[in-house]
Amino acid sequence: MTQICTIRSGSTGNSTLLRNRDTSLLIDVGIAYKAIREALCELGDTPPIQGVLITHEHIDHIKGLKTFLKRHPVTLYAGEDVVEYLLMKDMLVPGVEVECIDAGRPFCVGSMQITPFATPHDALQSFGFRFQSGEDTIAFATDLGIVTPQVESSLLGAQMVVLESNYDQRMLESGPYPYYLKRRIMGENGHLSNESCANMLKKLLQTGTKQVVLAHLSRENNLPSLAIENARTTLGQCDGYEEGMMGLFAAPAYEMLKPLCV
């Protein structure tokens with residue numbers, strides 16, 4: 001059994017726990033160590049964290065990294081450009097083990113096989129991940145402007161998918177953000193809209209995905225109810241779809257999502 005839990009998810013900070021019987025990983029550490037410690041205590045810190053995966057170098061994904069590594073000197077897995085950035089910004093702990101990762105090159109941590117894939121985002125290097133643990137497959141992709149063919153092939157067939165559903169088009173267009181920022185968010189290297197996310201869910205449904213976590217929702221330009229409603233409406237257009245065929249969950253920005261199991 002593999003379990004995933006978003007500890008926090010949104011523009012103010014991101015961190016997700018993924019674990020099976022003998023391996024635990026954190027995806028991003030963009031929140032205070034206290035919040036992670038409290039989550040691990042609530043969930044049960046077994047097995048202990050064995051590695052940290054960094055999707056990209058934006059502050060809402062690395063803010064708490066150095067403090068975490070001071071208390072948990074585990075291996076850090078990140079792209080080479082991101083590692084150089086972290087070193088330049090003095091965000092790594094001396095002596096910490098670092099492994100540079102590349103898109104399409106699988107690696108293992110404990111009993112999990114992890115395959116990074118590139119995501120289109122305005123960062124030095126941005127990755128999503130596909131996890132294989134026995135017969136369990138989980139895919140994770142946030143911070144992407146569009147679903148590229150590489151992203152799509154990395155998501156299809158996963159039993160559970162964590163996928164960005166960042167903004168509602170109308171809320172963003174009518175909201176207070178300056179024009180340049182709206183263009184950045186809606187661009188091909190920005191973030192994924194509710195509509196684009198929902199369209200991908202139709203393809204996931206056809207390849208057997210049973211649970212989806214809608215992640216990285218914008219605090220200003222989205223609502224969990226809007227993201228869920230959009231996804232349900234779009235899925236309802238699929239032939240043979242019945243309510244409940246795909247479990248839909250919106251990851252909260254300021255609290256932990258209940259753990260979900262494959």
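- Note: the hydrophobic cluster containing V109 does not contain L65 (ILVMFWY, side chain heavy atoms under 4.5 Å, direct or indirect links).
- Side-chain contact between L257 and S9 is absent, with no heavy atoms from C-beta onward closer than 4.5 Å.
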Given the rule in the side chain to side chain contact (heavy atoms under 4.5 Å, CB included) test, do M246 and L248 qualify, once you have shown the distances and angles that lead to the verdict? CA-CA 6 Å; M246 178 181 283; L248 296 172; 4.1 Å; yes

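- A 6.0 Å sphere centred on CD of Q150 holds more than 12 heavy atoms belonging to other residues, nucleotides or ligands.
- Ring pair H121/H56 is perpendicular by interplanar angle, where above 60° counts as perpendicular and below 30° as parallel.
- At least one side-chain heavy atom of I31 sits under 4.5 Å from a side-chain heavy atom of I36.
- Crowding of Q237 atom CD: a count of heavy atoms from other residues, nucleotides or ligands under 6.0 Å exceeding 12.
- Rounded to the nearest 0.5 angstrom, S15 OG and D28 CG are separated by 7.0 Å.
- For the pair E164 and T142, the tightest heavy-atom approach, listed with the atom from each and the gap, is CB-CA, 3.8 Å.
- Between the side chain of T23 and the backbone N or O of R19, no donor-acceptor pair lies under 3.5 Å.
- Listed for the D136 side chain is a donor-acceptor partner under 3.5 Å among the backbone atoms of T2.
- No donor-acceptor contact under 3.5 angstrom links the side chains of R184 and Y179, judged on distance only.
- Atom CG of L163 sits about 4.0 Å away from atom SG of C197, to the nearest 0.5 Å.
- Follow the hydrophobic side-chain contacts under 4.5 Å out from L181 and you never reach I59; the two are in separate clusters.
- In this structure, R170 places its CZ atom where only 12 or fewer heavy-atom neighbours from other residues, nucleotides or ligands lie under 6.0 Å away.
- Residues E152 and K203 are paired through a salt bridge, judged by an N-O separation under 4.0 Å between the basic side chain and the carboxylate.
- Note: the hydrophobic cluster containing L214 does not contain I185 (ILVMFWY, side chain heavy atoms under 4.5 Å, direct or indirect links).
- Residues L144 and L217 fall within the same hydrophobic cluster, defined by Ile, Leu, Val, Met, Phe, Trp and Tyr side chains chained together at heavy-atom separations under 4.5 Å.
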Applying side chain to side chain contact (heavy atoms under 4.5 Å, CB included), run through F249 and V212 and close with a yes or a no. CA-CA 6 Å; F249 308 88; V212 173; over 6 Å; no

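- Here the side chains of F131 and L53 are in contact, with some heavy-atom distance below 4.5 Å.
- For the pairing with I54, the side-chain contact (heavy atoms from CB on, under 4.5 Å) check across I27, L76, V83 returns one residue only, L76.
- In the model, T119 has a side-chain atom that pairs as donor or acceptor with a side-chain atom of S126 under 3.5 Å.
- Closest approach of Y241 and G236 over heavy atoms only: CD2-CA, 3.7 Å.
- Put simply, the side chain of T12 reaches to within 4.5 Å of the side chain of R219, judged on heavy atoms.
- Inspection of the D60 and S11 side chains reveals no N or O donor paired with an N or O acceptor under 3.5 Å.
- Annotation: cation-pi geometry not satisfied between R130 and F140 (NZ/CZ under 6.0 angstrom from ring centroid, within 45° of ring axis).
- Closest heavy-atom contact between G240 and M245: O-SD, 3.4 Å.
- No side-chain donor from either of Y167 and H216 sits under 3.5 Å from a side-chain acceptor of the other.
- Between the NZ atom of K70 and the OH atom of Y33 there is a distance of 12.5 Å, given to the nearest 0.5 Å.
- Of all heavy-atom pairs spanning S133 and M112, the tightest one is CB-CG, 4.2 Å.
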Assess whether side chain to side chain contact (heavy atoms under 4.5 Å, CB included) is satisfied between L87 and V98, documenting all intermediate values. CA-CA 11 Å; L87 287 169; V98 175; over 6 Å; no

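- Judged purely by atom type and a 3.5 angstrom limit, K63 has no side-chain atom pairing as donor or acceptor with the backbone of V29.
- For the pair L155 and M200, the minimum side-chain heavy-atom distance is below 4.5 Å.
- Shown here is E188, whose CD atom has no more than 12 heavy atoms of other residues, nucleotides or ligands within 6.0 Å.
- Y177 is listed as a side-chain neighbour of E220, based on a closest heavy-atom distance under 4.5 Å.
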Please report the C-alpha distance between S165 and N194 in whole Å, then the side-chain angles of each, then the deciding distance to 0.1 Å, and finally whether the side chain to side chain donor-acceptor pair (under 3.5 Å) criterion is met. CA-CA 5 Å; S165 191; N194 288 347; 2.7 Å; yes

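- Within the model, atoms CG of L69 and OG1 of T75 stand 9.5 Å from one another, a figure rounded to the nearest 0.5 Å.
- The neighbour count for E80 CD, taken as heavy atoms of other residues, nucleotides or ligands under 6.0 Å away, does not exceed 12.
- Looking at heavy atoms from C-beta onward, I62 lies in side-chain contact with L86 at the 4.5 angstrom threshold.
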Could you go step by step and tell me if K66 and D90 meet the side chain to side chain contact (heavy atoms under 4.5 Å, CB included) rule? CA-CA 8 Å; K66 188 170 185 178; D90 189 30; 3.1 Å; yes

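- For the atom pair CG of L124 and CD of E84, the computed distance is 9.0 Å after rounding to the nearest 0.5 Å.
- Heavy atoms only, all atoms of each residue included: H191 and D143 are closest at CE1-OD2, 3.3 Å.
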Should S24 and Q50 be marked as a side chain to side chain donor-acceptor pair (under 3.5 Å) after you check the CA-CA gap, both sets of side-chain angles, and the distance that decides it? CA-CA 6 Å; S24 285; Q50 291 156 273; 5.2 Å; no

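- For the atom pair CZ (F129) and OG1 (T115), the distance works out to 10.5 Å, reported to the nearest 0.5 Å.
- Looking at R232 and E243, a side-chain N of the basic residue comes within less than 4.0 Å of a carboxylate O on the acidic one, giving a salt bridge.
- Side chain of N221 to main chain of D168: no donor-acceptor pair is present (N/O by atom type, distance under 3.5 Å, no hydrogens or angles).
- Linking ILVMFWY residues whenever their side-chain heavy atoms come closer than 4.5 Å, directly or via other members, places L26 and M91 in the same cluster.
- Proximity of a side-chain donor or acceptor of N230 to a complementary backbone N or O of L226 within less than 3.5 Å is not detected.
- Proximity of L18 to T16: side-chain heavy atoms (C-beta onward) are nowhere separated by under 4.5 Å.
- Judged by distance alone, the side chain of K210 and the main-chain N or O of Q159 form no donor-acceptor pair under 3.5 Å.
- P224 and A250 get closest at one heavy-atom pair: CB-CB, 3.9 Å.
- Side chain to side chain, S193 and Q169 fail the donor-acceptor criterion of an N or O pair below 3.5 Å.
- Within the 3.5 Å criterion, the main-chain N or O of G208 finds no donor-acceptor partner in the side chain of Q206.
- Of the possible polar contacts, one joining the Q211 side chain to the C261 backbone as a donor-acceptor pair under 3.5 Å is found.
- Taking the ring centroids of Y77 and F107, they lie under the 6.0 Å cut-off.
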